[in-house]
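Working notes, beginning with the structure itself.
No experiment lies behind these values; they were computed from the predicted model shown. Residue numbers start from 1 in every chain, and the chains themselves are labelled A, B, ... in the order their sequence lines are given, proteins ahead of strands.
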2 protein chains.
Amino acid sequence: MSGVRLLLADDEHLIRGALAALLALEDDLVVVAEAATGPEALAMARAHRPDVAVLDLEMPGADGVKVATSLRAELPECRVLIVTSHGRPGHLKRALEAGVRGFVPKTVSAQRLAEIIRTVHAGNRYVDPELAADAISAGDSPLTPREAEVLELAADGAPVAEIAERAALSQGTVRNYLSSAVSKLGAENRHAAVRLARLRGWV
Amino acid sequence: MSGVRLLLADDEHLIRGALAALLALEDDLVVVAEAATGPEALAMARAHRPDVAVLDLEMPGADGVKVATSLRAELPECRVLIVTSHGRPGHLKRALEAGVRGFVPKTVSAQRLAEIIRTVHAGNRYVDPELAADAISAGDSPLTPREAEVLELAADGAPVAEIAERAALSQGTVRNYLSSAVSKLGAENRHAAVRLARLRGWV
DNA sequence: ACGGGCGTCTGACATTTGTCATGTGCGGTG
DNA sequence: CACCGCACATGACAAATGTCAGACGCCCGT
């Protein structure tokens with residue numbers, strides 16, 4: 001056999017290149033494509049049909065989870081492994097729901113990553129234990145869909161009037177959602193709530 | 001001669017390791033130390049006295065610029081090169097003020113980085129042209145020291161009362177600074193102002 | 001040395017937000 | 001069917017925030 005065929009997607013050349021070089025050292029792994037953005041990753045995957053896609057979570061265009069979702073639909077054979085710098089609990093959950101087979105922080109070593117790639121390729125799942133623990137202890141988002149939506153619109157500091165308009169809701173309703181989101185998150189005000197929700201990957 | 005002695009500091013094992021491997025391929029470069037945090041980088045530098053320190057801008061403990069400042073004082077011989085994912089204009093300015101000799105985004109290739117390391121080692125400076133252009137077009141911060149200070153305290157969504165206490169100012173004064181910062185930045189409110197200032201590296 | 005500009009600071013007032021009580025309708029579950 | 005939780009909405013009051021006019025001191029240039 002000719003080895004596991006890999007797609008590497010990360011917006012940072014330096015890292016992608018370095019990673020490609022390191023993984024190429026393992027003689028059962030071969031990098032067949034690289035991409036710097038979400039859409040590019042998708043295009044590359046279609047063109048090269050890799051066995052495993054190693055995706056950065058934060059990329060311009062479409063984040064790793066979105067790419068994974070599309071990939072799941074188009075190339076069900078292709079296993080997806082997500083690599084990330086900032087391990088937000090909510091992201092892990094979303095990723096698993098999108099059919100991602102592996103989720104690891106960038107703090108692992110290259111050897112370890114190679115092993116994990118093999119694990120994932122063999123059809124098993126791998127989730128970093130620490131991230132998993134965080135995700136479990138953080139639990140699910142307590143926010144209702146609407147609360148999350150409104151909170152997201154509030155993320156850039158927009159006034160209530162604007163949020164109301166963009167969400168097609170009355171201002172009173174917006175304040176209500178904001179208020180309940182704030183109390184559910186135990187925040188001081190909506191801006192702190194946005195920060196918290198971001199931190200936990202709930203928005 | 002035995003090559004340029006390097007210190008590599010980045011909190012992401014994967015990247016640091018990969019980078020070390022790639023740079024080691026260049027036969028005039030040798031990685032003599034690695035670190036995952038700011039303080040660790042400092043300790044490593046003291047112990048190994050590298051010729052060039054390649055520092056990630058965002059690290060736990062102390063950021064690249066702080067480390068560079070300390071390094072400047074303790075090991076003036078050691079050139080500092082900063083590598084970053086998110087190129088905020090203000091950071092570049094702060095870095096140069098701290099005596100940093102090079103500033104590049106992680107989007108460069110490893111070959112390019114190796115060249116830049118040589119450039120810096122030879123005593124020259126190197127700043128990524130795009131980041132430099134951004135920095136120039138963004139210009140200096142229009143904020144007075146107090147405005148910046150107060151804005152920073154407002155960053156996590158704290159109420160005015162708390163900011164006032166932490167800054168030892170009256171609430172009215174705090175509102176004033178916030179207000180003038182907001183208008184200088186052309187923002188809708190202080191939270192949007194915080195976002196903008198962050199974006200431009202002014203806080 | 002003097003006046004102007006700027007950074008600093010304050011309290012009062014207008015506006016925006018947050019909170020609360022309350023009500024309607026809808027959809028799923030026991 | 002009855003119930004419960006959620007989405008959606010209103011109005012009123014309390015609290016936080018934004019805005020304004022003004023005061024003081026410092027430094028810089030004339």
Can you sort out which residues in residues 142-155 of chain A have a heavy atom within less than 4.0 Å of DNA chain D? Ascending by number, please.
-> A/Thr144, A/Pro145, A/Arg146

Keeping to residues at least two apart or across chains, list the salt bridge (Lys or Arg N to Asp or Glu O under 4.0 Å) pairs with something in residues 174-191 of chain A.
-> A/Glu147-A/Lys184

Could you tell me the separation between the CG atom of A/Leu185 and the C1' atom of C/dG18, rounded to a whole number of Å?
-> 15 Å

By side chain to side chain donor-acceptor pair (under 3.5 Å), which residues pair with B/Glu97, not counting sequence neighbours?
-> B/Lys93

Given D/dA7, is OP1 or OP2 found less than 4.0 Å from the side-chain N or O atoms of A/Tyr177?
-> no

Check whether any side-chain nitrogen or oxygen of A/Thr173 sits under 4.0 Å from OP1 or OP2 of D/dA7, and answer yes or no.
-> no

Check this for me: does any side-chain nitrogen of one of [X] and [Y] sit under 4.0 Å from a carboxylate oxygen of the other?
{"X": "A/Glu26", "Y": "A/Arg118", "answer": "yes"}
{"X": "B/Asp51", "Y": "B/Arg79", "answer": "no"}
{"X": "B/Asp10", "Y": "B/Lys106", "answer": "yes"}

Using a cutoff of under 3.5 Å, can you pull out all pairs of nitrogen or oxygen atoms linking the protein to nucleotides 14-18 of chain D, with atom names and distances?
{"residue": "D/dT17", "atom": "OP1", "partner": "B/Arg190", "partner atom": "NH2", "Å": "2.5"}
{"residue": "D/dT17", "atom": "OP2", "partner": "B/Val160", "partner atom": "N", "Å": "2.8"}
{"residue": "D/dT17", "atom": "O5'", "partner": "B/Arg190", "partner atom": "NH2", "Å": "3.3"}
{"residue": "D/dG18", "atom": "OP2", "partner": "B/Arg190", "partner atom": "NE", "Å": "3.1"}
{"residue": "D/dG18", "atom": "O6", "partner": "B/Arg175", "partner atom": "NH1", "Å": "3.2"}

Nearest-nucleotide check on DNA chain D, A/Asn176 vs A/Lys184; residue mapping nearer the 5' end is A/Lys184

Heavy-atom side-chain contact between A/Glu152 and A/Glu149 under 4.5 Å | no

With A/Val54, the side-chain contact (heavy atoms from CB on, under 4.5 Å) member among A/Val83, A/Leu7, A/Ile116 = A/Val83

A/Thr173 side chain to A/Ser170 side chain, donor-acceptor N/O pair below 3.5 angstrom = yes

Under 3.5 Å, side chain of B/Asp56 to main-chain N/O of B/Met59, donor-acceptor pair present?
-> no

Between the first and last five pairs of the helix from C/dA1-D/dT30 to C/dG30-D/dC1, the angle of the axes, rounded to 10 degrees = 30°

Where at least one partner belongs to residues 93-132 of chain B, residue pairs that pass ring pair (Phe, Tyr, Trp, His ring centres under 6.0 Å), sequence neighbours excluded = none

